[in-house]
Amino acid sequence: MSSLLLANAQVVNEGRIVAADVLIRDDRIERIGTGPVPAGTTTVDLSGKHLLPGLIDDQVHCREPGLTHKATLATESLAALCGGVTSFLDMPNTQPPTTDRAALAEKRRIAAAGCHVNYGFYLGATNTNLEEIKRVTTADACGVKVFMGASTGNMLVDDPQTLEGIFAEARVPIATHCEYSPLIAENEKRYRERYGDAVPIEAHPLIRSAEACYRSSSMAVDLAKRHGARLHVLHLTTARELELFEPGPIAAKRITAEVCTHHLWFDQSSYAVLGAKIKCNPAIKTSADRAALRAAVLDDRIDVIATDHAPHTLEEKARGYFEAPSGLPLVQHSLLMLLDQHADGLYSLTKIVEKAAHNPAVLFGIADRGFIREGYFADLVAVDLEGTTRVDAAQVLYKCGWSPFEGTEFRGSIALTVLNGVPVFRDGKPVAGPRAARPLDFRPR
Ligand code: DOR
């Protein structure tokens with residue numbers, strides 16, 4: 001049995017920060033607090049550091065199978081570990097798309113061979129796979145992803161009967177991308193008439209408009225209420241949509257909301273600096289929208305913070321407005337973004353942990369993870385609030401090789417990531433030795 005003592009940490013967990021030692025035996029937390037330490041224990045002194053549960057990112061696009069020129073499960077999960085993310089849930093808009101149980105099994109096979117964080121996969125909905133959706137359980141998938149607005153990949157679900165069927169019959173949580181495509185198509189047409197192909201990137205949030213978001217989010221919430229379905233609306237971007245959600249603890253909710261780190265960070269002024277690098281769907285909107293999203297994290301209308309990590313190559317991103325793909329790589333820097341915003345007084349450490357670790361675990365019924373509790377898996381990240389992290393191209397681990405944060409110095413650094421009891425990253429460098437990522441175990445709730 002291996003044993004590891006994380007000594008003198010400030011443990012951030014379940015609304016409190018407590019000075020404690022954490023003893024790990026094999027892959028689980030054995031004890032939080034002082035007591036006898038087995039012979040042969042390796043000790044890591046975490047004086048001055050805060051110890052958080054490893055982040056659980058409930059929305060990433062690692063592009064396997066089929067789009068491996070952009071990313072692979074292996075490359076992106078290594079970047080995730082560096083950033084303190086120890087589990088993620090991967091999206092189905094791959095090639096082929098993940099729309100049946102055979103495709104889910106293939107993803108699990110790829111992940112077992114090379115993914116460096118604990119993983120789960122969404123089944124993708126289409127207008128024609130309702131029978132498959134009905135059969136899928138938490139043994140197969142963390143949830144079903146429904147593109148109620150078209151985005152990267154061609155997975156739009158817009159057939160009213162199919163949507164009714166999904167919300168009536170899915171046995172796993174329903175996660176939706178909400179943007180009303182007919183309105184977006186009208187807006188695109190108007191902008192094309194005016195600018196031809198040379199639409200300025202600043203128009204993106206006007207084309208993928210706040211109205212398009214609201215029309216679709218309100219439709220999803222209405223469907224969920226009528227069917228009593230378990231709905232998680234992904235990546236909210238507008239103040240107005242927030243009126244669709246209730247404040248309060250996640251355990252009591254059937255309808256939940258997610259925000260992504262880039263929508264909490266950037267606003268419309270960022271397009272002038274970063275151009276199509278920050279083109280994403282739903283679009284980054286106004287500073288007023290961003291302020292409302294930040295407030296909704298605090299009042300618990302928003303339940304989860306994730307990334308929508310969506311890597312594309314720089315060559316792809318350099319194309320014109322209509323051809324540049326949407327999405328940006330984020331998973332290596334999501335915790336650093338949140339720590340930097342903590343330094344600005346935006347969120348407490350306990351709030352960050354609640355939204356980025358506890359709540360995804362509760363929402364998806366992830367067994368024994370997401371909290372620092374005795375008996376739980378030791379997925380942990382130690383951070384140094386006094387440190388800084390400068391992002392440059394050499395620090396970026398994504399296969400696409402770039403980050404929108406190059407040149408940024410975040411306040412905060414990630415000192416140590418522990419995955420299933422094993423130290424895997426230390427001071428930004430991978431620790432040599434075997435890593436043991438696992439498939440996540442989802443328990444229906
Ligand atoms: O910006 C986005 N990129 N939004 C999505 O919904 C998909 C994602 C991707 O896969 O590139």
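Just so you know, ligand 1 is whichever comes first in the structure, and atom 1 is the first atom listed for that ligand. Predicted model only: the values in this text are computed from it and were never measured.
The shortest N/O to N/O separation between Gly327 and ligand 1 falls below 3.5 Å. Taking distance alone, with nitrogen or oxygen atoms compared against 3.5 Å, Lys279 stays at or beyond that limit from ligand 1.
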Would you check, one step at a time, whether the test salt bridge (charged side-chain N to carboxylate O under 4.0 Å, His left out) holds for Asp267 with Lys285? CA-CA 6 Å; Asp267 68 6; Lys285 300 203 174 57; over 6 Å; no

Determine whether Thr138 and Arg171 satisfy the following criterion, side-chain hydrogen bond (donor to acceptor under 3.5 Å, both in side chains), listing intermediate values before the conclusion. CA-CA 8 Å; Thr138 51; Arg171 295 152 74 187; over 6 Å; no

Go through the steps to decide whether His61 and Asn93 satisfy the test side-chain hydrogen bond (donor to acceptor under 3.5 Å, both in side chains), and finish with yes or no. CA-CA 8 Å; His61 300 263; Asn93 54 339; 2.8 Å; yes

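Checked against the 6.0 Å centroid threshold, Phe371 and His358 count as a close aromatic pair. Note: Phe88 and Phe364 fail the aromatic proximity criterion, with ring centroids not under 6.0 Å apart. In this structure, Tyr398 has its ring center closer than 6.0 angstrom to the ring center of His309.
Of the protein's non-hydrogen atoms, the one nearest atom 1 (O) of ligand 1 is Asn281 N, 2.8 Å. Here the protein heavy atom with the shortest distance to atom 9 (C) of ligand 1 is Thr152 OG1, 3.2 Å. Closest to atom 3 (N) of ligand 1, if we only count protein heavy atoms, is Ser326 O, 2.9 Å.
Inter-residue side-chain proximity for Leu440 and Cys142 is flagged as unmet; no heavy-atom pair is nearer than 4.5 Å. Taking 4.5 Å as the limit, some side-chain heavy atom of Thr94 sits within range of a side-chain heavy atom of Lys107.
With a 4.0 Å heavy-atom cut-off, ligand 1 is reached by no atom of Leu328. Heavy atoms of His312 found under 4.0 angstrom from ligand 1 belong exclusively to the side chain. Contact annotation for His177 and ligand 1: only side-chain heavy atoms (C-beta onward) come within less than 4.0 Å of the ligand.
Heavy-atom contacts of Phe147 reach the following atoms of ligand 1: 6 (O) (cutoff under 4.0 Å). In summary, the atoms of ligand 1 found under 4.0 Å from a heavy atom of Arg63, numbered by their order in the structure, are 9 (C), 10 (O), 11 (O). When each atom of ligand 1 is checked for a heavy atom of Ala310 under 4.0 Å away, the hits are 3 (N), 8 (C), 9 (C), 11 (O). Each of the atoms 1 (O) of ligand 1 lies under 4.0 Å from some heavy atom of Cys280.
Arg369 forms a cation-pi arrangement with Phe377, by the criterion of a distance under 6.0 Å to the ring centre and an angle within 45° of the ring axis.
Considering each of Gly153, Ser151, Pro325, the one bringing a non-hydrogen atom nearest atom 7 (C) of ligand 1 is Ser151.
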